[in-house]
Asks: 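Quick one: structure below, then a few questions.
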Amino acid sequence: MAIMSIKYTKLIAILFVMIITLKSLEYFIKYHEDVEKDDELERVKISIHYEALCPDSRFFVVYQLLPIYKRLKNNIDLDFIPYGKAKTIETAGKIEFECQHDITECFANKIHACAISVLKNPERLINYISCLLKQYLSPPEEAGELCAKEQNINFTPILDCANSNHGSILLKHYGERTNALRPRVKFIPTIQFNGSQTIVSQALILKDFKKAFCSMLRVKPKLCLNS
């Protein structure tokens, strides 16, 4: 009788351990599913105030933003604002611009603005803009066509837009957004996280975008955990 009692006690103990193990496993799986779900849904809006012919804009987008976007695109909402330190001049209903890198940049900014309007897929857009910035020393129309061919994009609607009043209206809109920034733009590019240019220092964003961006995420993806 005592032997049977010992056997039952051992059996109950084993069952108890199995139940605890299963419950722990269930909690572990649920927790990680929730983390993965949060990781997918947690997004940061990145607004990039830049100029089409600006070397610093080129460096940031091509060598800082693009590599991180490729790895963490599910966490990023892109918002390109191609205007920078330009000025909008309206005379008798005609819209003209003065740009930091001369009139050529004004037309290049229009090509960027029109590309943003035409290309709805954010991945295609950042790849196209990155290509344009790499070709910033080439004539804007030539760069636009070359990059469009490389990425199988129809350049015609982008060029038609840039040559039309619609392109001017788009660029004027980006000018209004840029001029509304507080504090005002002092350096190009200026980057906003979720509408703020001060939540993370501009110096850190431009020097180490990965570190700056990862600081915005509550749940850290693997890339953010690697030094």
Side-chain angles (χ1 to χ4, degrees), residues 27-86 100 109 112-113 115-117 119-134 136 151 173-227:
Y27 174 81
F28 178 82
I29 292 171
K30 184 178 186 303
Y31 171 79
H32 281 272
E33 285 178 345
D34 289 342
V35 167
E36 289 176 4
K37 185 177 180 181
D38 287 344
D39 186 27
E40 292 174 0
L41 295 178
E42 191 176 12
R43 302 178 72 85
V44 177
K45 182 179 180 181
I46 302 174
S47 301
I48 306 100
H49 295 264
Y50 72 107
E51 295 167 345
L53 302 187
C54 169
D56 291 316
S57 296
R58 168 183 170 271
F59 183 85
F60 174 75
V61 173
V62 174
Y63 299 107
Q64 295 262 32
L65 177 63
L66 181 61
I68 298 302
Y69 181 81
K70 286 181 177 180
R71 301 284 298 276
L72 297 176
K73 61 185 176 183
N74 290 334
N75 296 99
I76 295 174
D77 288 326
L78 292 171
D79 178 31
F80 287 102
I81 304 100
Y83 189 84
K85 294 183 178 180
Q100 187 168 206
N109 282 343
H112 282 245
I116 294 165
S117 176
L119 301 175
K120 303 303 182 184
N121 182 294
E123 190 165 5
R124 295 193 82 191
L125 177 61
I126 191 173
N127 286 331
Y128 185 65
I129 285 179
S130 297
C131 180
L132 290 176
L133 289 169
K134 287 179 184 177
Y136 78 108
Q151 299 180 37
H173 166 70
Y174 287 128
E176 290 168 349
R177 286 190 59 189
T178 302
N179 292 330
L181 282 181
R182 295 295 182 273
R184 291 186 176 277
V185 166
K186 292 182 179 179
F187 183 80
I188 297 298
T190 288
I191 314 300
Q192 293 174 284
F193 285 163
N194 291 334
S196 171
Q197 56 177 304
T198 57
I199 193 170
V200 179
S201 76
Q202 292 295 303
L204 178 60
I205 293 172
L206 297 177
K207 181 180 179 181
D208 190 344
F209 177 73
K210 174 186 165 184
K211 183 177 181 180
F213 176 72
C214 288
S215 73
M216 294 290 296
L217 298 177
R218 180 175 56 85
V219 180
K220 308 298 184 189
K222 289 182 180 179
L223 181 65
C224 292
L225 300 175
N226 298 330
S227 57

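Since the structure is predicted, the reported quantities are computational estimates derived from the model, not experimental observations. Residue numbers start at 1 and run along the sequence shown. Excluded from the calculations below are hydrogen atoms, water molecules and symmetry mates; all remaining heavy atoms, backbone and side chain alike, are included.
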Asks: Drop me the distance from C224's SG to R71's CZ, to the nearest 0.5 angstrom.
Replies: 10.0 Å
Asks: Please identify which of these residues, V200, I46, L65, meets the side-chain contact (heavy atoms from CB on, under 4.5 Å) condition with I191.
Replies: I46
Asks: Measuring only between side-chain heavy atoms, which start at C-beta, is I68 closer than 4.5 Å to L223?
Replies: yes
Asks: Would you indicate whether the side-chain heavy atoms of P82 and I129 approach each other to under 4.5 Å?
Replies: no
Asks: When you compare the side chains of Y50 and H112, does any donor N or O come within less than 3.5 Å of an acceptor on the partner?
Replies: yes
Asks: Looking at R177, I'd like to know if its CZ atom is crowded, meaning that more than 12 non-hydrogen atoms belonging to other residues, nucleotides or ligands lie closer than 6.0 Å.
Replies: yes
Asks: Out of curiosity, L66 CG to K134 NZ, how far, rounded to the nearest 0.5 Å?
Replies: 7.0 Å
Asks: If the plane angle is over 60° it's perpendicular, under 30° parallel, otherwise tilted; pick one for Y63 and F59.
Replies: tilted
Asks: Tell me if a side-chain donor or acceptor on Q197 pairs with a main-chain N or O of Q202 at a distance below 3.5 Å.
Replies: no
Asks: Rounded to the nearest 0.5 Å, what's the gap from CG on N127 to CD on E123? Could you check?
Replies: 6.0 Å
Asks: Using side-chain heavy atoms (C-beta onward) and a distance below 4.5 Å, is F213 in contact with I76?
Replies: yes
Asks: With a 4.5 Å heavy-atom cut-off, do F60 and L206 have their side chains touching?
Replies: yes
Asks: Could you tell me whether the side chain of R43 reaches within less than 4.5 Å of the side chain of N75, counting heavy atoms only?
Replies: no
Asks: Would you check if the side chain of Q192 reaches a backbone N or O of S47 as a donor-acceptor pair within less than 3.5 Å?
Replies: no
Asks: Between atom CG of L132 and atom OG of S57, what is the distance when rounded to the nearest 0.5 Å?
Replies: 12.5 Å
